[in-house]
Amino acid sequence: MDNRDYARVLKEIAALMQIKGGNQFRIRAFENAARTIETQTESLEAIIDRGELTDLSGIGKGIARELQQMRQQGSCDLHRELLAELDPGLLTLMKIQGLGPKRIKAIYDELGIADPESLRQAAETHQIQQLSGFGKKTEEKIVSELDRLARNQGRIPLPRAQSIAGSLRDQLRELDSVDSIEIAGSLRRGRETIGDIDLLVATEDSEPVHQAFRSLVEVEEVLLSGDTKTSVRLHNGIQVDLRTVEPEIFGSALHYFTGSKEHHVALRTRAKRQGLKISEYGVFGEDESTPLASRSEQQLFDCLGLDYIPPELREGTDEIERAANARLPRLVEPGDIRGDLHMHTTETDGRATIEEMAHTAIERGYEFIAITDHSQAVRVANGMNAQRLGEQIKAIRRIDDACDELQILAGIEVDILKDGSLDMDHQLLAECDWVVASVHSHFGLSAEAMTERLVRAIESGLVCALGHPTGRILGGRDGYSYDFQTVFDCAAKHDVALEINGSTGRLDLNAELAAYAHQRGARLVIGSDAHSCRGLDDIHFGIQQARRAGLEAESILNCLSADRLLKTLKETRT
DNA sequence: GCCGTTTTCGGCCCGACTGTTTTCAGTCG
């Protein structure tokens, strides 16, 4: 079992206890423990075997016992008992919006229903509205929710959500009554997938804003609408929540709507101990009519005696404690990035020429770029053979010589073949200033074989960075499996950087693994993997994931000046 | 069930909206 399996069992226990009607705080304890395990990069089984389970926050004796039992037997008594008592199908009903544990329990007890299909039948034959506490509206909502679930599964990748949210924000910003508007929620925190989009508007006159929001052409259905809050579903199935507040409380409201839930629970618990109360309306002391802080997030954190916590770190892990002790990292910012070391041109599968990419890089204020087209193994991308690479190196040198404002490095994204050898003449690779090595084939190797494959590539002495190191596609395929510790340690030893690839489909490494790579002493590089001039913008997503990983500019190779970067590369490549 | 700047007991965030009620429970974020 891997960490996700352990976390899933704990979450199922929590959900089943909710339906059964257990102690709310006991239920939360199981949810918290599941979250701790999910965010753990080290294998939980290794931690169990060392006897260090209760060192993890949220895991005490009781939950540790269940986890140990799972390690030994593959399951635990508590989980088995709950499943024997309740139907496992109930867990799928928990995904239906508007149905919580109480209503599911009522439906189960009264009608014996524990799966979506029977629920649909019962709703369509109007058995649901007969139940006490249920009515016509609830019944209709259940049917439409079941339709939606059948159509539209799961969460949206961050980049897609960002583009949709940006367009909605820009439309609402045009309104006279909108003072300011921000995208909040998990999108602002940079979560790699998004459940729904949250928009926050500061206004003195909220009704026209809600009216305009409900009337946007993108909107399919209005789910709810009150004085301060409207929720809609767009034609593409995505839910968007709009909240309006007075400008005086925009800061505390923005903090509230940015989340996460866990961050709020932790922060409010701490504030309560200090005799303070936090809500979206501000921080309050004894006088509950006038907030001590509300206008800006900075003011709110100041008032609580905390350093400003960037949205990307607000996950309710240890950020509050670190903010209280002035120990938060100074996260890397877009302005720290001095160049981009992963991009493609018309020579292979890019849409812009070297000159066009260079021109855009200069507009972006970069000091350097590396051109890294594919090697021949990637046939679909028209990868280069040795002769073509030789010519491209010359072309890059020529353009670089004519360009004073930007240093253009000759590079390549060379394929790591099945056996770990590199798909290019070694002499030519040594001639390149910058070599990204990536896996584009044979994803299904065993973890042992994949580990050996990557280690061999790193040990070649020719590679500067490992490109999109897990190969995962967001919402598509999982990454290939290998021993992260071995590969990251090897990369650290040989001064090979690990890439945080910002390309919209990838975000690879993800934040958790990037943090782990850093912890193992490996250097990181943030790349856009641009296939067009506009693609260079995608570096933004890589930066955001680096921030979620808690990384500072010092840990990131392309935050060095061009001179220092070249000097470093010269020293480290053999 | 977990945890501790009120530490081994007693507390665990806070408010908006809806639907089904006649004052509020349930759900959501």
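Convention: sequence-line order gives letters A, B, ...; per-chain numbering from 1. All values reported here derive from a predicted model rather than from experimental measurement.
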Could you check how far [atom1] of [X] sits from [atom2] of [N], rounded to whole Å?
{"X": "A:Lys141", "N": "B:dG19", "atom1": "NZ", "atom2": "P", "result": "8 Å"}
{"X": "A:Phe284", "N": "B:dC13", "atom1": "CZ", "atom2": "P", "result": "18 Å"}
{"X": "A:Leu53", "N": "B:dC2", "atom1": "CG", "atom2": "C1'", "result": "14 Å"}
{"X": "A:Gln24", "N": "B:dC13", "atom1": "CD", "atom2": "P", "result": "11 Å"}
{"X": "A:Glu31", "N": "B:dC12", "atom1": "CD", "atom2": "P", "result": "18 Å"}
{"X": "A:His210", "N": "B:dC17", "atom1": "NE2", "atom2": "C1'", "result": "12 Å"}
{"X": "A:Arg273", "N": "B:dC3", "atom1": "CZ", "atom2": "P", "result": "13 Å"}
{"X": "A:Leu223", "N": "B:dA16", "atom1": "CG", "atom2": "C1'", "result": "15 Å"}

Which value, in whole Å, describes the distance between the [atom1] atoms of nucleotides [N] and [M]?
{"N": "B:dT20", "M": "B:dG26", "atom1": "P", "answer": "14 Å"}
{"N": "B:dT8", "M": "B:dC2", "atom1": "C1'", "answer": "12 Å"}
{"N": "B:dT23", "M": "B:dG19", "atom1": "C1'", "answer": "13 Å"}
{"N": "B:dG11", "M": "B:dT6", "atom1": "C1'", "answer": "11 Å"}
{"N": "B:dC12", "M": "B:dT7", "atom1": "P", "answer": "15 Å"}
{"N": "B:dC14", "M": "B:dC9", "atom1": "P", "answer": "26 Å"}
{"N": "B:dC13", "M": "B:dT21", "atom1": "C1'", "answer": "27 Å"}
{"N": "B:dT22", "M": "B:dC17", "atom1": "P", "answer": "23 Å"}

Should we say atom [atom1] of [X] is surrounded by more than 12 heavy atoms from elsewhere, each under 6.0 Å from it?
{"X": "A:Asn325", "atom1": "CG", "answer": "yes"}
{"X": "A:Arg534", "atom1": "CZ", "answer": "no"}
{"X": "A:Gln73", "atom1": "CD", "answer": "yes"}
{"X": "A:Asp287", "atom1": "CG", "answer": "yes"}

Fill in: side-chain contact (heavy atoms from CB on, under 4.5 Å) partner of A:Thr470, the single match among A:Leu513, A:Asn510, A:Asn501
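Looking at A:Leu513, A:Asn510, A:Asn501, the match for A:Thr470 under the side-chain contact (heavy atoms from CB on, under 4.5 Å) is A:Leu513.
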
Worksheet item: Does B:dT18 pair with anything, Watson-Crick or G-U wobble, both distances under 3.5 Å, and if so, with which nucleotide?
Response: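 Partner of B:dT18: B:dA25.
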
Does the side chain of [X] get closer than 4.0 angstrom to OP1 or OP2 of [N] through an N or O atom?
{"X": "A:Lys137", "N": "B:dT20", "value": "no"}
{"X": "A:Lys272", "N": "B:dC14", "value": "yes"}
{"X": "A:Thr269", "N": "B:dC13", "value": "yes"}
{"X": "A:Tyr281", "N": "B:dC13", "value": "no"}

Worksheet item: Are the side chain of A:Ser260 and the backbone N or O of A:His263 linked by a donor-acceptor pair below 3.5 Å?
Response: yes

Worksheet item: So which one's nearest nucleotide on DNA chain B is more toward 5', A:Ile27 or A:Arg243?
Response: A:Ile27

Fill in: Earlier contact from the 5' end, DNA chain B, for A:Ala266 and A:Thr138
A:Ala266

Touch check for [X], heavy atoms < 4.0 angstrom, all strands: base, sugar-phosphate only, or nothing?
{"X": "A:Ile59", "result": "sugar-phosphate"}
{"X": "A:Ile278", "result": "sugar-phosphate"}
{"X": "A:Ser57", "result": "sugar-phosphate"}
{"X": "A:Ser132", "result": "nothing"}
{"X": "A:Ser231", "result": "nothing"}

Under 4.0 Å between a side-chain nitrogen and a carboxylate oxygen: does that hold for [X] and [Y]?
{"X": "A:Asp307", "Y": "A:Arg322", "answer": "no"}
{"X": "A:Glu182", "Y": "A:Arg169", "answer": "no"}
{"X": "A:Glu297", "Y": "A:Arg314", "answer": "yes"}

Worksheet item: Tell me, for nucleotides 23-29 of chain B in 5' to 3' order, what letter each nucleotide earns: B for a base near a protein heavy atom under 4.0 Å, S for only sugar-phosphate near one, - for neither?
Response: ---SSSB

